[in-house]
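Notes follow the structure.
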2 protein chains.
Amino acid sequence: MPSPHDPRQNHLLAALPVDEYAHLLPHLELVPMPLGTLLYESGAKVRHVYFPTTAIVSLLYVMENGSSAEIAVVGYDGIAGISLFMGGESTPNIAVVQSAGHGYRLKAGVLLAEFTKGLDLQHLLLRYTQALITQMAQTAVCNRHHAVEQQLCRWLLLSLDRLPTSELTMTQDLIANMLGVRREGVTEAAGHLQAAGLIHYSRGKITVLDRPKLEARVCECYAVVKRESDRLLSDRISH
Amino acid sequence: MPSPHDPRQNHLLAALPVDEYAHLLPHLELVPMPLGTLLYESGAKVRHVYFPTTAIVSLLYVMENGSSAEIAVVGYDGIAGISLFMGGESTPNIAVVQSAGHGYRLKAGVLLAEFTKGLDLQHLLLRYTQALITQMAQTAVCNRHHAVEQQLCRWLLLSLDRLPTSELTMTQDLIANMLGVRREGVTEAAGHLQAAGLIHYSRGKITVLDRPKLEARVCECYAVVKRESDRLLSDRISH
DNA sequence: TCGGGTATGTGCCACAGCGTACAGACGCAG
DNA sequence: CTGCGTCTGTACGCTGTGGCACATACCCGA
């Protein structure tokens with residue numbers, strides 16, 4: 001009988017060849033990741049990296065005045081803590097659990113040792129980092145040019161892609177913090193989407209009813225990120 | 001008598017230990033980089049990487065409707081073409097010369113071979129990439145929360161940091177394309193700065209008269225990027 | 001069952017930025 | 001010196017979003 005938890009639910013771990021995976025496996029520690037957990041603080045040294053399986057992690061920048069903006073989002077497709085192997089050990093951003101679930105964590109030293117060998121893990125993590133860079137770049141573009149409603153669509157789709165069901169637990173207030181807009185703006189945009197029958201929500205539960213229509217309404221940013229992620233992280237790793 | 005052109009004007013090349021630098025040196029090709037040169041197209045395979053010395057390169061995303069937004073800027077502090085060693089070979093962005101000058105380019109294969117050895121060059125490029133990530137993330141934040149005038153200040157300071165003089169050749173129209181705003185918005189913001197005696201400009205020449213006051217008026221984004229770049233790329237590389 | 005906290009809906013005003021149009025101002029080529 | 005193209009300045013209305021205030025709806029626990 002298979003365990004409900006398996007590190008290979010994370011796509012990066014799943015893409016590793018068996019021998020490299022075997023090196024990491026004894027060190028992978030299953031951790032619950034409840035909503036709101038702070039994985040990294042701004043400027044703090046990274047002690048563990050996290051491979052989410054069912055949780056979703058949000059990378060945020062918090063401004064001096066307290067308002068915030070989401071930079072990128074990480075789910076079972078990725079890893080939180082790239083500054084470790086990029087060599088900086090910390091970033092000015094924070095990482096917060098946006099959707100509760102589980103993940104596997106690894107002590108910094110273990111990952112670094114394996115990364116330094118320069119084998120498949122390194123290639124994989126660097127390609128993933130490039131996908132993350134694309135996501136950040138597109139976030140910048142979207143923040144510049146697109147309306148709140150479109151950004152909400154993008155955000156919903158990015159979350160949906162990282163969840164097993166089409167229901168997400170997330171208040172409008174939290175979404176507003178992620179997007180860096182007013183809560184009322186989210187209320188209004190979500191009202192439109194609900195009126196059009198694309199979603200249903202009530203008190204922190206959002207259900208996506210019609211994903212195709214959502215994709216029809218989103219800005220090009222979503223597709224750019226999706227296409228690039230698929231390209232970079234198709235299971236066949238090309239060297 | 002020293003040549004006016006020296007690869008070590010580029011800080012990444014300058015930070016390399018002599019033996020690794022020696023491997024690259026025979027392959028480094030001095031190239032003029034006139035204003036507007038397209039170094040990479042969206043999705044095109046990277047054939048060369050560029051180490052600017054006196055030129056400045058802008059990484060842009062161009063939307064389907066033709067409008068654009070700057071993602072990050074690269075000068076003598078960096079390298080254009082990170083997708084090569086990150087493993088993706090291409091990105092959805094373009095790279096354009098924003099300020100004319102020179103740089104050294106290297107064939108993709110040469111850089112990749114040296115990068116794969118996993119020595120100082122690799123560490124250096126990855127740390128630089130992290131600095132670039134910070135710049136992108138902060139661009140996203142700035143686009144979300146800050147006014148055009150502050151973004152103009154940030155843009156001027158980022159450019160100034162990568163130039164030898166305090167004069168930049170750049171029409172307001174071009175700046176507007178970079179920032180992804182209207183030309184009139186730049187005119188207005190620049191008018192304020194000129195009235196306050198911070199800058200002087202006329203027909204494509206902008207002279208910064210009072211940098212300290214410019215730094216006083218810029219949003220926190222500039223300092224975040226600067227601090228992180230300095231931290232990651234101080235000449236002593238820590239392993 | 002009732003109360004209090006939380007989540008959502010709505011309205012109002014202010015204003016920055018967009019789209020558009022057009023008027024100077026400057027510089028270079030002829 | 002003249003004319004034309006380019007760059008910069010200014011004005012107008014419009015809309016999306018921010019800041020604020022408050023009303024309603026829902027849930028959970030006492």
Side-chain angles (χ1 to χ4, degrees), chain A residues 35-36 63-70 98-99 140-156 167-196 198-207 217 219, chain B residues 35-36 63 65-70 98 140-156 167-196 198-207 217 219:
Chain A
L35 181 64
M63 303 204 315
E64 289 162 5
N65 69 13
S67 52
S68 58
E70 189 176 80
Q98 171 205 100
S99 178
V141 172
C142 207
N143 284 352
R144 162 63 64 215
H145 289 291
H146 297 137
V148 170
E149 185 175 323
Q150 290 196 298
Q151 297 188 39
L152 176 60
C153 292
R154 175 175 62 86
W155 191 91
L156 286 173
E167 178 170 313
L168 29 164
T169 302
M170 177 69 47
T171 66
Q172 298 184 354
D173 200 47
L174 281 177
I175 297 178
N177 282 336
M178 304 284 179
L179 294 181
V181 300
R182 285 181 317 155
R183 197 262 314 156
E184 292 89 332
V186 175
T187 299
E188 195 182 345
H192 286 163
L193 299 183
Q194 174 150 258
L198 308 192
I199 64 173
H200 169 78
Y201 62 90
S202 76
R203 295 187 75 73
K205 298 278 182 194
I206 306 185
T207 309
R217 199 176 280 228
C219 51
Chain B
L35 180 64
M63 303 204 316
N65 69 13
S67 54
S68 58
E70 190 176 79
Q98 173 206 100
V141 172
C142 207
N143 284 352
R144 161 63 65 215
H145 290 290
H146 297 138
V148 170
E149 185 175 322
Q150 291 197 297
Q151 296 188 38
L152 176 60
C153 292
R154 174 174 63 88
W155 192 91
L156 286 173
E167 178 170 314
L168 29 164
T169 302
M170 177 69 45
T171 66
Q172 299 184 353
D173 200 46
L174 281 177
I175 297 178
N177 282 336
M178 305 283 180
L179 294 182
V181 300
R182 284 182 319 153
R183 197 263 314 155
E184 291 88 334
V186 175
T187 299
E188 193 182 345
H192 286 164
L193 298 183
Q194 174 149 260
L198 309 192
I199 64 173
H200 170 79
Y201 63 90
S202 78
R203 294 186 77 73
K205 298 277 182 194
I206 306 185
T207 310
R217 200 176 282 228
C219 51

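Here is how names work: the chains are called A, B, and so on, in the same order as the sequence lines, proteins then strands, and each is numbered from 1.
Contact annotation: the side chain of Val181(A) approaches that of Arg144(B) to within less than 4.5 Å [non-hydrogen atoms, C-beta and beyond]. Looking only at side-chain heavy atoms (C-beta outward), Thr169(A) and Lys205(A) come within less than 4.5 Å of each other.
Distances shown here put a side-chain N or O of Arg182(B) below 4.0 Å from the OP1 or OP2 atom of dC18(C). Between Tyr201(A) and dG9(C) there is a side-chain polar atom (N or O) within less than 4.0 angstrom of OP1 or OP2. For Gln172(B) and dG9(D), the shortest distance from a side-chain N or O to OP1 or OP2 is below 4.0 Å.
The separation between Glu184(A) atom CD and dC12(C) atom P is 15 Å, rounded to whole Å. Protein atom CZ of Arg203(A) is 8 Å distant from nucleotide atom P of dC28(D), rounded to whole Å. Rounded to an integer number of Å, the gap from Met170(A) CE to dT6(C) C1' is 16 Å. Atom NE2 of His200(B) is separated from atom C1' of dT8(D) by 13 Å (rounded to the nearest Å). Going from atom NZ of Lys205(B) over to atom P of dG27(C) covers 12 Å, rounded to whole Å. In this structure, Ile199(A) places its CD1 atom 11 Å from P of dT8(C), rounding to the nearest Å. Rounded to a whole Å, the CZ atom of Arg183(A) is 13 Å from the C1' atom of dG11(C). Here dG16(D) presents its C1' atom at 12 Å from CD of Glu149(A), a figure rounded to the nearest Å.
Closest approach to the Thr171(A) side chain among dA7(C), dT8(D), dG9(C) is made by dA7(C) (side chain taken as heavy atoms from C-beta onward).
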Handout entry: Test log, rule side-chain hydrogen bond (donor to acceptor under 3.5 Å, both in side chains), inputs Ser67(A) and Asn65(A)
Key = CA-CA 6 Å; Ser67(A) 52; Asn65(A) 69 13; 2.7 Å; yes
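Looking at heavy-atom distances under 4.0 Å, Ala147(B) makes contact with sugar-phosphate atoms alone, never a base. Residue Gly185(B) is classed as having no contact, given no heavy-atom separation below 4.0 Å to the nucleic acid.
Taking CD1 of Ile206(B) as the start and OG1 of Thr171(B) as the end, the distance is 8.5 Å to the nearest 0.5 Å.
Between Arg144(B) and Thr187(B), it is Thr187(B) whose nearest contact on DNA chain D lies nearer the 5' terminus. Of the two residues contacting DNA chain D, namely Gly180(A) and Gly191(B), the nearest-nucleotide position lying further toward the 5' end is that of Gly191(B).
A donor-acceptor contact shorter than 3.5 Å links the side chain of Gln151(B) to the backbone of His146(B).
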